Visitor: 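One structure is given below, represented as structure tokens, and several questions about it will come after.
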Amino acid sequence: MAEVDPSARPGDAPQPSTDAGGPTGPRYDRRSMRDVLIPALRDALEALGVPPPEEIQLERPARREHGDFSSNVALVSAKAAGRPPRELAGQLVDRLRAQPPRHVVDVEVAGPGFVNFRLDTAWLHEVVRAVVAAGASWGTSDVGAGRRVLVEYVSANPTGPVHAGHARGAVYGDSLARILRAVGHQVDEEFYVNDRGVQMQVFAASLAARAAGEEPPEDGYRGAYITEWAAEMPAEAAPLTWGEARALLDQEEVLEALDVRFDDWFSERRMVQTGAIDTTLADLRERGVVDDADGAVWLRSTDFGDDKDRVLVKSDGEVTYLLPDIAYHRDKFARGYDLLIDVWGADHHGYVPRMRAAIEALGHDPAAFEVVITQLVRLERGGQEVRISKRSGDLITLRDLIDEVGADAVRLTYLLQSVDSPQTVDLDLVAAQSVENPVFYVQMANARLLSIDRVAAERGLERRPLDEVDLSVLVHERELEVMRSLEVLGEVVLLAARERAPHKVTTWVRELASAVHGFYHDCPVLSPDTPEPLRQARWWLAVAAGTGLRAGLGLLGTSAPERM
RNA sequence: GCCCCCGUAGCUCAGCUGGACAGAGCAGCGGACUUCUAAUCCGCCGGUCGCAGGUUCGACUCCUGCCGGGGGCGCCA
């Protein structure tokens with residue numbers, strides 16, 4: 001399918017180059033309505049002699065009848081004001097009506113004492129201009145500026161292909177990084193390579209066995225890929241070195257097919273060579289959090305909230321997996337990150353307390369270390385569970401998954417719901433190009449919007465510069481819905497970033513797509529029946545909608561074909 | 001036994017720092033194409049938000065205890 005890069009579409013840069021110096025009108029600020037309404041409420045409270053609460057809350061009512069913005073100050077401040085919520089709300093409304101804030105056409109008391117604001121449509125028309133001006137950066141902000149964040153994810157062992165079980169973490173981690181960047185954080189992404197230890201030995205032995213035409217050792221790797229790779233392996237190659245390189249190549253390739261790229265693939269073995277592991281142990285000793293007992297070296301993690309102490313060096317002299325992991329995280333902090341986010345699978349959650357303890361033991365703020373646990377994904381095909389088992393060799397690789405349903409579908413599907421909940425994915429459904437598949441619903445919305453430009457070009461119709469177009473004709477409910485949806489992206493992104501919840505962006509994208517389909521259905525742009533001024537305005541709304549849609553999709557790392 | 005996640009419509013899931021009569025898609029039923037993509041749109045049907053307490057002016061949302069499902073509790077990674 002023809003894919004487009006959502007972040008770079010020529011048609012999305014409709015700003016006349018002559019205008020590049022700066023927007024002429026008042027610059028739209030995502031928080032502008034808040035910045036208008038909250039102070040207005042505060043002033044009104046003070047005028048009534050009521051001390052305003054620390055934070056005045058302003059929310060978007062779920063129901064249209066409740067206006068565009070709503071505040072619960074009257075409920076919150078009723079006690080302090082010494083009068084019933086509705087009475088206080090009524091007094092606030094009187095004051096606000098006397099001097100209505102910008103764009104406010106009505107203020108009213110509702111329910112138990114809410115103050116509801118109804119706005120004119122001009123503020124939404126400003127949104128269209130703002131989206132067009134922002135282009136692919138619509139929805140971004142700089143609230144997180146200056147914070148350096150490192151997101152570590154996937155980190156699969158270099159002993160085989162990335163399998164379907166890793167896919168959720170891969171897609172989640174990548175999208176989270178995009179979203180954190182969108183709010184201004186400086187984000188790096190890393191893949192930790194466990195290229196040392198027993199697993200690697202077993203892997204090498206398995207490869208060598210297959211190469212020699214023998215069965216892999218007991219507890220060895222039996223996947224079909226071992227046989228395939230063994231056949232590729234030159235006779236003189238060292239199985240461990242060659243095998244690791246082969247695995248990493250495979251992993252990097254398939255992750256790139258998903259548009260998942262890392263700033264660094266951090267090698268565990270490298271830390272042995274640089275002495276980082278020894279240094280870390282010495283550091284821990286110096287801090288007095290290490291005990292020698294039973295011939296082993298222990299981290300006294302119970303001092304930092306863990307339920308038992310943990311072995312760092314086994315009695316046979318080998319280090320456990322824990323010590324290099326600690327060394328890696330020590331290194332992360334040494335590189336100056338303010339926040340470390342690790343994305344782990346559900347099977348590793350028991351490991352969180354010891355890692356957190358180790359970080360605290362090293363003198364770091366444990367709050368600067370966050371672990372997101374992704375719950376398991378159950379794969380089904382036609383209602384039958386598909387087992388992902390490395391042992392049996394019957395494993396579904398990420399590559400299989402991409403081949404079967406496509407990269408965009410893989411990404412959007414995994415980003416459909418919170419990683420906190422276990423997910424069931426029916427492969428037949430995801431592969432199906434049907435209404436049951438949200439991926440196609442969203443991509444269809446984009447394709448339809450783009451078809452307007454295409455058909456217009458065929459008919460020789462011209463879109464006039466936005467500066468010359470009067471958007472005040474956009475009053476159809478379908479048009480308003482699109483604008484309202486576009487307007488909230490910034491807030492959605494902030495929330496998604498704060499809660500580490502990319503699926504909130506997915507939900508938003510689906511909502512916008514729904515609004516777009518409704519608009520497309522009821523508000524013809526190119527029809528001869530549409531008067532020219534309205535056509536121009538709708539056309540620009542379509543441009544803005546496409547821009548917003550692709551901005552959202554860009555945060556999910558999902559592209560959309562130009563036509564379907 | 002202890003720890004983590006989940007339990008919302010027949011199914012798959014949303015539900016923002018607690019807010020106004022709980023939302024969407026699919027499935028079911030009934031409508032809408034001489035028009036820029038009907039892969040769409042509209043309407044109807046459908047829920048004691050697992051159960052029981054508590055906090056609050058107000059709880060799907062916070063707290064406690066149960067019940068059910070998944071995952072984890074190694075000198076394995």
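What you see is a predicted model, and the numbers here were worked out from it, not measured in a lab.
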Visitor: For D325(A) and Y351(A), which I'm curious about, is there any donor-acceptor pair between the side chains at under 3.5 Å?
Guide: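 The criterion, which ignores hydrogens and geometry beyond distance, is satisfied for Y351(A) and D325(A).
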
Visitor: For D529(A) and rC36(B), give me the distance from atom CG to atom C1', rounded to whole Å.
Guide: 13 Å

Visitor: How about E108(A) and N116(A): does a side-chain donor come under 3.5 Å of a side-chain acceptor?
Guide: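 Note: E108(A) and N116(A) side chains miss the donor-acceptor criterion.
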
Visitor: Give one of base, sugar-phosphate or nothing for A110(A), where a contact means two heavy atoms less than 4.0 Å apart.
Guide: base

Visitor: Just to confirm, is there a sub-4.0 Å distance from OP1 or OP2 of rG74(B) to any side-chain nitrogen or oxygen of K314(A)?
Guide: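 Checking rG74(B) against K314(A), no side-chain N or O comes under 4.0 Å of OP1 or OP2.
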
Visitor: Give the rounded distance in Å between these two atoms: CG of D325(A) and P of rC76(B).
Guide: 15 Å

Visitor: Fill in the dot-bracket string of RNA chain B, one character per base: . for unpaired, | for a pair to another strand, ( ) or [ ] for pairs within the strand, taking Watson-Crick or G-U pairs under 3.5 Å.
Guide: (((((((..((((.....[...)))).(((((.......))))).....(((((..]....))))))))))))....

Visitor: Using whole Å, report how far CE of M564(A) lies from P of rU37(B).
Guide: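 Going from CE in M564(A) over to P in rU37(B) covers 14 Å.
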
Visitor: L489(A) has an atom CG; how far is it from atom P of rC16(B), in whole Å?
Guide: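 It works out to 18 Å between those atoms.
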
Visitor: Does one side chain, of D408(A) or T558(A), offer a donor that lies under 3.5 Å from an acceptor on the other?
Guide: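 The answer is no; no qualifying pair exists.
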
Visitor: Do H349(A) and rG72(B) share a donor-acceptor pair, side chain to base, under 3.5 Å?
Guide: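 Result: no qualifying N/O pair found.
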
Visitor: Using a strict 4.0 Å threshold on nitrogen-to-oxygen distance, state whether E244(A) and R196(A) make a salt bridge.
Guide: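 No, no charged N to carboxylate O under 4.0 Å.
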
Visitor: Could you check P353(A) against L376(A) and say which one's nearest nucleotide on RNA chain B is further toward the 5' end?
Guide: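 The 5'-side residue here is P353(A).
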
Visitor: Write down the distance separating the C1' atoms in rA9(B) and rC41(B), rounded off to the nearest Å.
Guide: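 Each nucleotide's C1' atom is 23 Å from the other's.
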
Visitor: Is E487(A) salt-bridged to R60(A), going by a charged N under 4.0 Å from an acidic O?
Guide: yes

Visitor: Rounding to an integer number of Å, can you tell me how far Q375(A) CD sits from rC3(B) P?
Guide: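 For the pair Q375(A) CD and rC3(B) P, the rounded distance is 16 Å.
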
Visitor: Would you call H503(A) stacked on rA14(B), i.e. ring centres under 5.5 Å apart with the planes less than 30° off parallel?
Guide: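 No, the aromatic ring of H503(A) does not stack with the base.
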
Visitor: Do we see a donor-acceptor contact under 3.5 Å between the side chains of Y328(A) and E190(A)?
Guide: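 Present: a donor and an acceptor within the cut-off.
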
Visitor: Using whole Å, what does the distance between atom C1' of nucleotide rA14(B) and atom CD of E499(A) come to?
Guide: 13 Å

Visitor: Can you work out whether H348(A) or V419(A) has the more 5'-proximal nearest nucleotide on RNA chain B?
Guide: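 Mapping each residue to its closest nucleotide by heavy atoms, the 5'-most match is V419(A).
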
Visitor: Is there a donor and acceptor pair, one atom on the side chain of S418(A) and one on the base of rA14(B), closer than 3.5 Å?
Guide: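 A donor-acceptor contact between them is absent.
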
Visitor: Scan P85(A) against the nucleic acid and name what it touches under 4.0 Å (heavy atoms): base, sugar-phosphate only, or nothing.
Guide: nothing

